[in-house]
Amino acid sequence: MPLALKIYNTLSRQLETLEPKEPGKLGVYCCGPTVYDVPHAGHARSAVAFDVFVRHVRQSGVDVNYVRNITDVEDKILNRAKESCEEPLALSQRMTVVYQDDMAAIGCEAPNQQPKVSDHLPQIYEMIERLIANDAAYVLDRDDGKRDVYFAVRKFKTYGGLSRRKIDDLRSGARVEADQAKRDPLDFALWKGTTLEDWGWESPWGPGRPGWHIECSAMSCCYLGHDFDVHAGGMDLIFPHHENEIAQSEASTDGDRPMARYWMHNGFVNIDKEKMSKSLGNFVTVRDVLARNDPEGFRWFLLTVHYRGPLQFDSEKLDDGRVVFPGVDEAEGRVDYLYSVQSRLAELVALGGDAPKKEPPEIVRARQGSATALKNAIAALNDDLNTAVCLAELGELAKLGNDLCDLAKKRRKDAAFCGAASMQAATTQAAISEICGHIGLMWTPHDEFKQRSQAKRLALRGLQSSDMDAKVAARNQARADKDFARSDEIRDELAALGVSLKDAPEGTVWSIEV
RNA sequence: GGUGAGGUAGCCAAAUGGUUAGGCAACGGUUUGCAAAACCGUUAUACGCCGGUUCGAAUCCGGUCCUCACCUCCA
């Protein structure tokens, strides 16, 4: 059965039905980070976008082989390591762990393979040698005795196909290269000669380090072969990185098959309408966000915008000095809501009961509404991963579920109604879980989520859970004494701290806002 | 200069020719000792500007203004 999923293919600039080369299996290569610093919101967005893609495809019954590389050999790593007097590979190893931890924290499943450059030098040598043999690359002896290898861009006739750039346009815009020895300013390095002392590996061309692009060509080929299914990454990689990868990979074979058949690119995270990036210094790290917000709230926030569009990430400084992320706060509120609905539904399901002979009209509406919302949510994902619509449908489902719980509560003496409501609650609950399976949300038991998010919010305000319980007890005493002035006073006091109270028949529950 | 993305109600954000996107905020209602939460309703016939096509355009076409990104490292 063909997949219903359509994705936007940068190669064709069109929406295309995803058709794996081998039915039932999909090979995906995603460009991961250069690990010289902790990941920021942009890395998170990319990881989450493709995590949703992979999850959704897997839920559709396809076996996905998901490969995401770690660039652990690169000039920026070397420079940073020099500053901190650290071994470059020690630094990249440390940052790799941070990256993997942070991505796991926001619900991204670990890829099947996370290859590192430092483990794939032989594959890189092999590909460079093939390129030289195919006359697509040339060795250059430098004046200082070192040897570089360059890719000859003009020999690759379809160069610029992905980014729709013409070689001659590039040439006029290209900055003057410091290295005059290159045959053409557009040629890029496959191998950069260095000394072993200055971080390098012994290669067929002497000591040095690989160029930035060759690793992805070599490693994608190593794990997925030539002509694999999907290549993914950030939009900023389209040129020159992905363009160069295509040139290398395709020039290294004799055939005319493409390196990958679908190219997916996620949009940027912007701050003050400008791209968040290390070089601009306007980045917010994943850790900054998680110090304040719940990881599932952050993930929800990242999913509120279509993955190819820009994502506005605003921060605001409050009067008390705290820096907040209003969009993430709002998203966290939605996650909160969804969890509480799932919890209420679970209670209603646990009530059980028999189905009545005739289904009450309210239940019929709930059943139909749930079925429609579920269908729409999956259809939205199939339409180029429209997570914004998917979340809206999820919200609709939650609203229906909540309404159902309210109804069952109001009519708790009507056994037939409650039996029907309980059965419908199970269906709605399952629908919510199903959608969450596609987008990777709601992975925590409700109690744990509540505990986790409240503990963080209390800590940010320097409050203690036991203080809250004491206040609630004091207020309950005042209420029992009908001293409403005193009880309201306590409530106002708590409200000023961001803590709200809910008086229910089962007792008073407090909750703290983000 | 070349290439691309985008401008949608107070804010965030979908939909791509006709039928409510959704969320947040604000206000009103149901509920409550009063609240909170929840649900319902209102704000909201919104789509940068000017033309054109059409019975009908936020959606298609032409023009124009503005913002952002890539062409140097970037998710």
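Naming convention: chains lettered A, B, ... in sequence-line order (proteins, then strands); numbering from 1 in each chain.
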Can you tell me how far P in G22(B) sits from the matching atom in C60(B), rounded to whole Å? 23 Å

What is the distance, to the nearest angstrom, from the CH2 atom on Trp263(A) to the P atom on A75(B)? 16 Å

Which residues satisfy the side-chain contact (heavy atoms from CB on, under 4.5 Å) test with Val514(A), sequence neighbours excluded? Arg292(A), Asn293(A), Asp329(A), Glu332(A), Arg457(A)

Steps toward salt bridge (charged side-chain N to carboxylate O under 4.0 Å, His left out) verdict (Arg209(A), Asp75(A)): CA-CA 9 Å; Arg209(A) 293 196 297 274; Asp75(A) 288 358; 2.8 Å; yes

Contact nearer the 5' end of RNA chain B, comparing Asn270(A) with Ser46(A): Asn270(A)

In whole angstroms, the gap separating C1' of U3(B) from CZ of Phe239(A) amounts to 10 Å

For residues Phe151(A) and Gln248(A), determine if any side-chain heavy atom of one lies less than 4.5 Å from a side-chain heavy atom of the other. yes

Heavy atoms under 4.0 Å, any strand shown: does Gly42(A) hit a base, just sugar-phosphate, or nothing? base

Just by protein heavy atoms under 4.0 Å, how would nucleotides 30-40 of chain B read 5' to 3' in B, S and -? ---BBBB-SSS

Between NE2 of His306(A) and P of U8(B) the distance, given in whole Å, is 18 Å

Compute whether any side-chain donor of one residue and acceptor of the other, for Gln454(A) and Ser465(A), lie under 3.5 angstrom apart. no

In whole Å, I'd like the distance from the CD atom of Glu330(A) to the C1' atom of A13(B). 10 Å

Closer than 4.0 angstrom, basic N to acidic O: yes or no for Asp481(A) and Arg486(A)? no

Over-ring placement of Arg411(A) relative to Phe417(A), 6.0 Å and 45° cut-offs: yes

Touch class at under 4.0 angstrom, heavy-atom based, for Arg165(A) against every strand present: base

Between Asp51(A) and Tyr66(A): side-chain donor-acceptor atoms closer than 3.5 Å: no

Distance, rounded to the nearest Å, where Ile238(A) contributes CD1 and A5(B) contributes P: 10 Å

Would you indicate what Gly267(A) reaches in the nucleic acid, counting non-hydrogen atoms under 4.0 angstrom: base, sugar-phosphate, or nothing? base

Give Lys275(A) one of three labels, base, sugar-phosphate or nothing, depending on what nucleic acid heavy atoms sit under 4.0 Å from its own. base

Name all residues meeting the ring pair (Phe, Tyr, Trp, His ring centres under 6.0 Å) criterion together with Phe301(A); count only those two or more places apart in sequence or in a different chain, and write none if there are none. Phe313(A)

Using a cut-off of 4.0 Å on non-hydrogen atoms, how would the nucleic acid contact of His40(A) be classed: base, sugar-phosphate, or nothing? base

Could you state the CZ-P distance from Phe301(A) to C24(B), rounded to the nearest angstrom? 15 Å

Using the P atom on both, measure U43(B) against G2(B) and round to a whole Å. 47 Å

Please work out if Leu237(A) contacts a base, only the sugar-phosphate, or nothing of the nucleic acid, heavy-atom cut-off 4.0 Å. sugar-phosphate

Measure the distance from NZ on Lys166(A) to P on C71(B) and round it to the nearest whole Å. 18 Å

Give the rounded distance in Å between these two atoms: NE2 of His231(A) and P of A75(B). 13 Å

When all nucleic acid strands are considered with a 4.0 Å heavy-atom cut-off, which category describes Val341(A): base, sugar-phosphate, or nothing? nothing

When we call it a touch if two heavy atoms are under 4.0 Å apart, what does Glu396(A) touch: a base, just sugar-phosphate, or nothing? nothing

